[in-house]
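Written out below as C-alpha cells is the structure these notes cover.
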Amino acid sequence: MDGMTIEARPQRVTDRPAFIDGPDGSLAAMWSLPEAPDAKTGVVLLSAGGHVVHSQTNRWGYRVSRALASEGFPVLRFEYAGTGDSAGQADTFALDDPNAGDARAVVAVMSGRVERILLIGHCYGARAAFEVAADMPQVSGIYAVAPPVRDGARGEGTGNRMAYDASIAGYIGHALKAVRVGELRSREGRRRYRRLARTFLTARWRRVQRHLPGAYEDPTPWVSGRLISQLQALGKRRVPVLFAYGSADADYEDFAKAKGGRLGALMTRGKTVELSLRDGEVHNMSRVALQNEMIDEMVRWVLTRSDGRSEGGGGT
Amino acid sequence: MMHTDRGADTRVQRVDPSTGCVELAEFIDVGQDLVYTVHHLPPSSRAGHSLVMCSPFFAEFPRNYRREVLVARRLAERGVAVTRFHHRGVGNSTGDAALMGLDRLIEDARRVAAVAAETSGAHSLAFHGTRLAGFTAAAAAIGAQMPVSLWEPVVRGSKYFNEVLRTRMVQAVHDGETDVSAGSLRHELTSGAPVDVLGHSLHPELYTSLHDQTLDELLGPPAREILVVEFGRKRKDVGRMIERALEQGLTATLAVSTESESWWVANRRADYFVAEERRQLTGEVVRTMDAWFEKLGWTA
C-alpha cells in the first residue's frame, strides 16, 4: 500500500537534499532526479499550509516525486519558511498571501535546469502556484489539488462563508459565540478577528455595489478576485490548469458555486481550465487508495503536458 | 537568516549566522536503503554530547516535526549535537514501510547513532523518542547507561494500537461504513493486510512487533536518567511507568506542559489558529529539554 503505485519505470531515481535561499531564510528541499533527466520539463510540488512536511501524508509527496522522476522528470519539493526543516517562522497561511516568495525561489532554482515547469500544488500550495505562475513565464501548467477559491487564513473558512451567506444578526451571533477572551488577548487572535471583520465589511460593500446603477452583478462576489485575475492571465498565455476535487470537499462546494460566476465564464471561454472530480474527500488525502489514484493522475497529467499538448487528458 | 552552503551532492549544509550552528542533511546507508538524516551541530568543531531523536509515526510525525527541529536547534546552540532522521519507509527515507517492525526501528536508530557520534565527535550519547518512538529510543539505548528523553510516551503498545484503530472506526462512522469494527481491523492486521487509518498505512509488522511491548520493560535496567514530558496532563499509566522505572534504579524527571497536543485530529477549534509549531507548547518543551541537559551537565 505504501509502495509505488506506478508500474516499474525505466529510470533509476536519486533523491538529493538541498537548501534554497528564500526571502525569509533557507528553505529545506528535496530533489528527485532521474539518471537521464528530461532537459525540457521539470516539476515543482507545493505543499498545503500548516503541519506539513514535503514528503506529505503517507509519503504521497515522496511517492509522486519518485514516480515522476522515474519517468525522466526532475522534481523538486520544499518546505515553506517556518515549517519542516526550513528556517524562519510561519505565519497565518493566508490564501491571498501564500508564501509566493518561497515558491518563486524554488521555481527559479528549477528554471536553471529545464525550459518549462509544471506545478503541482495542494490547497494553499495551489494558491501559491497560481501566484507564481502569473508572473513566471516558464510555468507551463498547474495541477491544483483542492484549491480554495475564497481568500482567508487557515481555519477562517466558516467565518468567511458566513460573511457572504448569513444575515448580519446571524453573523454577529456566530462571532460573539465564537469569541473567547483568551483568543482576543493574543495578537494572533486579534489579527484573525480583524481579518474576519474586513471580509465581512467587504461582503456588505459588494452587496451595496450590486444595487448601484450600471453595476455588474457578480453572483459570486466571494470568489477571490486575485485568483480570478491570475486565472485570466494564465488563460491568455494558454497555460493549462487542472482543478482536482472530491465531491465531499468543502472547497469543491465553493468551486461548484463559483462556476456560476466569473470562474465559470473563464472555464467556458478559454478551455484551459479543467476539472477532475472524484467521489469522497480529496483535500485531506485521508485514504490510501485515493492517494494512489491521485498520484497516477498526476503522473498522467505531467506526461501529457510534457509532450507539448496544451489541452485534454486528466480532466473529467 | 541562514545561508546555503552546497557541499557534495548527497550532503548539504547551512550555517546559521546568528548562532554559528551547522545543519547538515544527508542520506546514510542502512542495509539496502537510505535514511534521511539531519545533524544539528554546535558552533565548535566537536561536541561533547549527542542526542539522537526518534520521531513518532503516522499523523503524529508531521504534528511533532517542527517541535523536534526547534528543540534540536536550541540544543545545538547550547553545545549538544542533535541528529534527527526518518526511519526506513517513513518521510524522505527509502524503504518499504510494510517491513517496519521493532527490530528494524532499532537497527535504524543505532546506525544513525553511530553516524551521529562520528559526525559530531561526541563521546556520550542520549536518545529521544516521542509517542510510540519512545519504544525505539528505549530499546536502542538498552545495554548502556544512555539517558533517554520521552515526550508523551506510549506506555503499552496494545493501548496505542487500540487508540489508532478507534480513530479508524470514527472515520468509518463518518464515512458511513458499516462493516468496520475493532475485531475486523485486528483480523485484517493479524492476517497480513494493512489498515488504512486516515490515509496512513498501519502495517502488520509494526502492529505485531510492538503490540505486546511495554515501555518500562524496554527502558531498563541498567540504571539511567530518563526525562518524561507530558503535554497538558499527567496520565496515570505514565505515573505507574515512572514508579516502576524508579524501582529498577532509573532516575526519572517528569515535566508537564500547560498545553496539550491533539495528535491525530484537531479536536479544538483553536488548533487552527495557533502558529504551525504550537509556539507556547514548543517553547515549554525547549526550556524543559534545555534544563534537563543542564542538569545532566551536558550544557553550560
Side-chain angles (χ1 to χ4, degrees), chain A residues 1-3 14-22 24-28 30-31 49-60 62 66 79-80 82-93 153-156 178 180 182-183 186 188-189 192 248 280-281 284-291, chain B residues 1-6 9-16 23-27 34 36-38 58-59 61-66 69 73 84 86 89-94 96-98 100 171 175 193-201 203 266 269-280:
Chain A
M1 264 166 112
D2 197 33
T14 306
D15 288 344
R16 294 192 195 289
F19 292 125
I20 293 170
D21 286 332
D24 298 315
S26 170
L27 305 172
M30 185 66 69
W31 285 100
H51 292 277
V52 179
V53 288
H54 58 55
S55 55
Q56 308 278 2
T57 300
N58 205 35
R59 309 214 290 167
W60 76 259
Y62 164 91
R66 291 180 65 90
E79 282 146 359
Y80 300 109
T83 73
D85 280 301
S86 289
Q89 199 169 58
D91 200 357
T92 55
F93 300 99
R154 272 183 96 211
E156 295 176 5
R180 290 176 184 165
E183 272 184 40
S186 75
E188 174 49 34
R192 184 167 62 83
E281 196 179 51
N284 292 330
M285 292 281 194
S286 55
R287 293 277 181 184
V288 176
L290 169 89
Q291 294 160 10
Chain B
M1 182 188 292
M2 289 182 170
H3 295 291
T4 302
D5 173 17
R6 292 175 207 292
D9 265 358
T10 52
R11 201 173 205 233
V12 288
Q13 71 172 46
R14 60 186 172 192
V15 180
D16 185 336
E23 289 181 20
L24 192 157
E26 64 174 341
F27 283 101
L34 295 168
Y36 178 70
T37 306
V38 181
F58 313 118
F61 175 73
R63 199 80 176 158
N64 203 51
Y65 201 92
R66 186 68 176 170
V69 170
R73 285 180 183 161
R84 300 179 302 105
H86 299 180
V90 175
N92 297 323
S93 295
T94 65
D96 186 351
M100 190 165 71
Q171 184 184 18
D175 293 351
V195 166
D196 176 352
V197 186
L198 293 177
H200 300 273
S201 299
H203 289 281
R269 192 175 138 273
D271 278 353
Y272 289 108
F273 307 127
V274 292
E276 179 257 356
E277 72 268 19
R278 308 285 311 272
R279 280 177 199 148
Q280 186 184 327

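Naming convention: chains lettered A, B, ... in sequence-line order (proteins, then strands); numbering from 1 in each chain.
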Taking A:Asp85, A:Thr57, A:Asp15 one by one, which has the highest count of heavy-atom pairs under 4.5 Å against chain B?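 Ranked by heavy-atom pairs under 4.5 Å with chain B, first place is A:Asp85.
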
May I ask you to say whether A:Arg287 pairs ionically with B:Asp175, meaning some side-chain N is under 4.0 Å from a carboxylate O?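 B:Asp175 and A:Arg287: salt-bridged.
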
Test item: A:Tyr80 and A:Leu27 side chains (from C-beta on) under 4.5 Å apart, heavy atoms: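 They are not in contact (no side-chain heavy atoms under 4.5 Å apart), so the answer is no.
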
Report yes if the side chains of A:Val52 and A:Thr83 come closer than 4.5 Å at any heavy-atom pair, otherwise no.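 They are not in side-chain contact.
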
Under 4.5 Å, counting heavy-atom pairs only, tell me which of B:Asn64, B:Leu34, B:Val69 racks up the most with chain A.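 Among B:Asn64, B:Leu34, B:Val69, the one with the most close pairs to chain A is B:Val69.
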
With rounding to the nearest 0.5 Å, note down the distance linking CG in A:Leu290 to CG in B:Asp196.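 Spacing of CG (A:Leu290) from CG (B:Asp196) equals 9.5 Å.
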
Check each atom of A:Met285 against the heavy atoms of chain B and say whether the ones under 4.5 Å are side chain, backbone, both or neither.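 Contact with chain B involves the backbone of A:Met285 alone.
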
Please flag which part of B:Phe58 lies under 4.5 Å from any non-hydrogen atom of chain A: side chain, backbone, both or neither.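 Nothing of B:Phe58, per the 4.5 Å heavy-atom cut-off to chain A.
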
